[in-house]
Amino acid sequence: MRILGWNCRGICHAATVRALGAQIKGARPDVVFLSETKANKNRMDYVKKFVKFENSCVVEAKGYAGGLCVMWKNGLAIKEVEYDKNLIAVKVADQN
């Protein structure tokens, strides 16, 4: 399983979304974690579709600060355990 983590410092600009898409195309991760998204759930749903991921857990930003997102592809057994403004905890089960 490949995981990509990125402090994107705001995902509201088209150039940042394209840069994320390029990173995903190169690394081909199964899970992507983004911090400091500075975005709401609607924006992160758009980003999720743009980068072709099916599932996500989003912690919305408060104004122009914070924001977290975990996205993963279908076929992974990932369950949200806990989340708040500072963290997203998930449980990943190996299906093999």
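The shown structure was predicted, so the numbers you read here are calculated from the model rather than taken from an experiment. Reckoned from all heavy atoms, side chains included, excluding hydrogens, waters and symmetry mates.
Tyr83 meets the side-chain contact (heavy atoms from CB on, under 4.5 Å) test with Cys57, Val59, Glu80, Ile88; sequence neighbours excluded. Under the rule for a salt bridge (charged side-chain N to carboxylate O under 4.0 Å, His left out), the partners of Lys41 that lie at least two apart in sequence or sit in another chain are Asp45. For Asn74, the side-chain contact (heavy atoms from CB on, under 4.5 Å) criterion is met by Glu54, Asn55, not counting sequence neighbours.
In this structure, Ile78 and Val31 have side chains that are in contact, with non-hydrogen atoms separated by less than 4.5 Å. For the pair Ile24/Pro29, a side-chain contact is recorded, criterion being any heavy-atom separation below 4.5 Å from C-beta on.
With values rounded to the nearest 0.5 angstrom, Asn40 atom CG is found 13.5 Å from Tyr46 atom OH. A distance of 8.5 Å separates CG of Leu20 from CZ of Phe50, quoted to the nearest 0.5 Å. In this structure, CZ in Phe53 is found 11.0 Å from CE in Met44, a value given to the nearest 0.5 Å.
For the pair Lys38 and Tyr64, the NZ or CZ position fails the cation-pi test of under 6.0 Å to the six-membered ring centre and within 45 degrees of the ring normal.
Shown here for Lys52 and Lys73, the closest heavy-atom pair between the two residues is O-CE, 4.4 Å. Residue Gly66 comes nearest to Ala61 through the heavy atom pair O-CB, 3.6 Å, listed as atom of the first residue, atom of the second, then distance.
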- Query: So Leu68 and Val58, side-chain contact (heavy atoms from CB on, under 4.5 Å) or not? Walk me through it.
  - Reply: CA-CA 6 Å; Leu68 302 170; Val58 176; over 6 Å; no
With a 3.5 Å cut-off and sequence neighbours excluded, list the donor-acceptor pairs that the side chains of residues 1-18 form with protein atoms.
from: Arg2; atom 1: NH1; to: Ala27; atom 2: O; distance (Å): 3.0
from: Asn7; atom 1: OD1; to: Arg9; atom 2: N; distance (Å): 3.3

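Counting only residues at least two apart or on different chains, no side-chain hydrogen bond (donor to acceptor under 3.5 Å, both in side chains) pair has a member in residues 20-37.
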